[in-house]
Number of protein chains: 2
Amino acid sequence: MSVVAKALALLEHFSIQTPELGLSRLTRLAKRDKATTYRHLVALQELGFIEQNPETKAYRIGPAVLHLAEVREKTVPRRDGALAPLQRLADATGETAHASILSGPTLHTLVSCEAQAHSIRAVIDLQKLPLHATASGICTLAFGPADLLEAAKADMARFTAHTATDPAALAEVVGTAQGSGFGRSERGLEDDIYGFAAPLFDQTGQLAGAVAVASVASRVTEDLTRLIYQELIIASREITHSWGGSVPAAIEALWADTLATFKQKDLAP
Amino acid sequence: MSVVAKALALLEHFSIQTPELGLSRLTRLAKRDKATTYRHLVALQELGFIEQNPETKAYRIGPAVLHLAEVREKTVPRRDGALAPLQRLADATGETAHASILSGPTLHTLVSCEAQAHSIRAVIDLQKLPLHATASGICTLAFGPADLLEAAKADMARFTAHTATDPAALAEVVGTAQGSGFGRSERGLEDDIYGFAAPLFDQTGQLAGAVAVASVASRVTEDLTRLIYQELIIASREITHSWGGSVPAAIEALWADTLATFKQKDLAP
DNA sequence: AACATCGGTTCATATAGTGAACCAATAAGG
DNA sequence: CCTTATTGGTTCACTATATGAACCGATGTT
């Protein structure tokens, strides 16, 4: 890990829940030496990526990121295009919806929308989504670059008792996704949370990210699952379209098959 | 300069005009070794601050900054509060308006608004504003922390024939600002651009940034100057208010005096 | 075919980062 | 009032890490 990576990794500890962190606390969170952490903070501060609250001496994210985000979004608009479909997805399903972008080997959370329907709901507050333990990640492994699977196998941290931590289990869920067109994660990241995801594509025709719904386990029924799948398809088409891509026919075919199985079940009894 | 600083400084070369840069070009812009630049890019890429266009191999700002900007803005809202008053300022004056934030010893551009009134107008595309050569910078030196003057004197780069490059000249324009309540820069950063700025304050009561109007030199008359001053006062009050601060009485008094001199001149002939 | 780009890699060299120990300041506890 | 445990910040011997000239293969121009 380079110094640059170590320093920038400090930024990941700041969140909406904990926007300001003191030196000691951050040192503990980052599990690094205090002097090192301090020097990194000073370096980040010089560039405006961190600023210090002059009253409390605590550190927070600085203004430099605002300009960068503006350049990025004006240049490669992703957030704007995802926002409206995501809102619709959250409203239609009554669950928390979020979209993520694949950049290199990591999946970055782009934006998340919470529905107002239930008082208990999933909250997405990770910047990076683990590939092996989230619906979005499994979806990415299923339809993204083949070499990602290696990267994912290298880091299979356990989050819950249900997290797939051996390559065989992972291969199985990825295979299921490749058969259905949807990624699923059942209590893989957190107990009581079910995830459902569909792939997103950009103008290059390659997978560019994923759109997902996170639902509370106790609410998940077959009816809700079907609704989520239907809405995920709509959201995926719209977001993919706004990113200048189109959903590959093969994926559309998988989706149609998966939805058909629900209809069959309806007719069965 | 630490490695962290060197690596992060690479990000400053990306702009709306040049959102993607190849390795060689970026190496030349940053005036550094190619191998070093490459390694820095790879490190930034790992963290999602940079991503590579898989088709052209060119680099661009990555998605990680989006999340950070969101955390920052949800936590310390600055952009949102400045946007509306800035738009109004641009419309009312017919010139380009922008706001900046002081973080440590540097002034970061927060957001800029261009008016539609004229086809020739100033464009703000710097992330960092030089303290000695811009109206905002002079305003910051006049009403901000006293030790900034030292930092400013340490780097007095020449941009035009009118740039103040010796401490005495700088002290004079800062003194003028302290007397009038407004920062001014006449062709200091670019030929043909006049800048006018007013200070901004936050909940701590300290200077937190500046709001400014950049006008094309040929359009600047006494009438326009007065209009700009009047509108700057309104914008400064509004932005300062939305940042949880209030304009100090001493500044308000300076502004009142400055506007009074215009009225006297009107009566004179 | 010769030359000039490009992105990316190698490896000896030496510069830059590291962290245990140390301050000074503040605050809680007895 | 003195002790103890925090806090943010600093020092300096040690060594891990960054550096850059030279190199590579690919692509593009003349």
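No hydrogens, no waters, no symmetry mates; every other heavy atom, side chains included, goes into these values.
The shortest heavy-atom contact between Ile239(B) and Ala82(B) is CG1-CA, 4.0 Å. Residues Thr134(B) and Pro130(B) come closest through the heavy atom pair OG1-O, 2.9 Å. The minimum heavy-atom distance between His108(A) and Ser103(A), with the atom names listed, is CD2-CB, 3.9 Å.
Side-chain N/O atoms of Lys6(A) include one lying less than 4.0 angstrom from OP1 or OP2 on dT18(C). A close approach under 4.0 Å does not occur between any side-chain nitrogen or oxygen of Arg39(A) and OP1 or OP2 of dG8(D). Taking 4.0 angstrom as the limit, Thr36(B) places a side-chain polar atom (N or O) nearer than this to OP1 or OP2 of dG20(D). For Tyr38(B) and dT9(C), the shortest distance from a side-chain N or O to OP1 or OP2 is below 4.0 Å. OP1 or OP2 of dA18(D) has not a single side-chain nitrogen or oxygen of His40(B) nearer than 4.0 Å. Contact annotation: Gln45(A) does not reach the phosphate of dG9(D) (side-chain N/O to OP1 or OP2, under 4.0 Å).
The interatomic distance linking Glu55(A) (CD) with dT26(C) (P) rounds to 16 Å, in whole Å. With rounding to whole Å, Leu41(B) atom CG is found 12 Å from dT19(D) atom P. As a whole-Å value, the separation of Leu29(B) CG from dC6(C) P is 12 Å. We find that CG of Leu23(B) is positioned 15 Å from C1' of dT27(D), with the value rounded to whole Å. In this structure, the NZ atom of Lys57(B) is 10 Å from the C1' atom of dA26(D), given to the nearest Å. Rounded to an integer number of Å, the gap from CZ of Arg32(B) to C1' of dG8(C) is 18 Å.
A salt bridge is defined here as a Lys NZ or Arg NE, NH1 or NH2 lying under 4.0 Å from an Asp or Glu carboxylate O, and Glu51(A) with Arg72(B) meets this definition.
Judged by distance alone, with hydrogens and angles left aside, the side-chain atoms of Thr160(A) form no donor-acceptor pair with the main-chain N or O of Asp191(A) at under 3.5 Å.
Side-chain atoms of Lys34(A) come within donor-acceptor range of the base of dG8(D), with a qualifying N/O pair under 3.5 Å.
Comparing dG8(C), dT7(D), dA21(D) by their nearest atom to the side chain of Arg28(A) picks out dT7(D). Nearest nucleotide to the Val3(B) side chain, out of dT18(C), dG8(C), dG17(C): dG17(C). Side chain of Ala35(A), nearest nucleotide from dG20(D), dT11(D), dC6(C): dT11(D).
Across the interface with DNA chain C, nearest-nucleotide mapping of Asp33(A) and Val42(B) shows Val42(B) to be the residue nearer the 5′ end. Toward the 5' end of DNA chain D, the nearer of the two residues Val4(A) and Ser24(A), judged by each one's closest nucleotide, is Ser24(A). The residue among Tyr59(A) and Ser2(A) whose nearest nucleotide of DNA chain D is located toward the 5' end is Tyr59(A).
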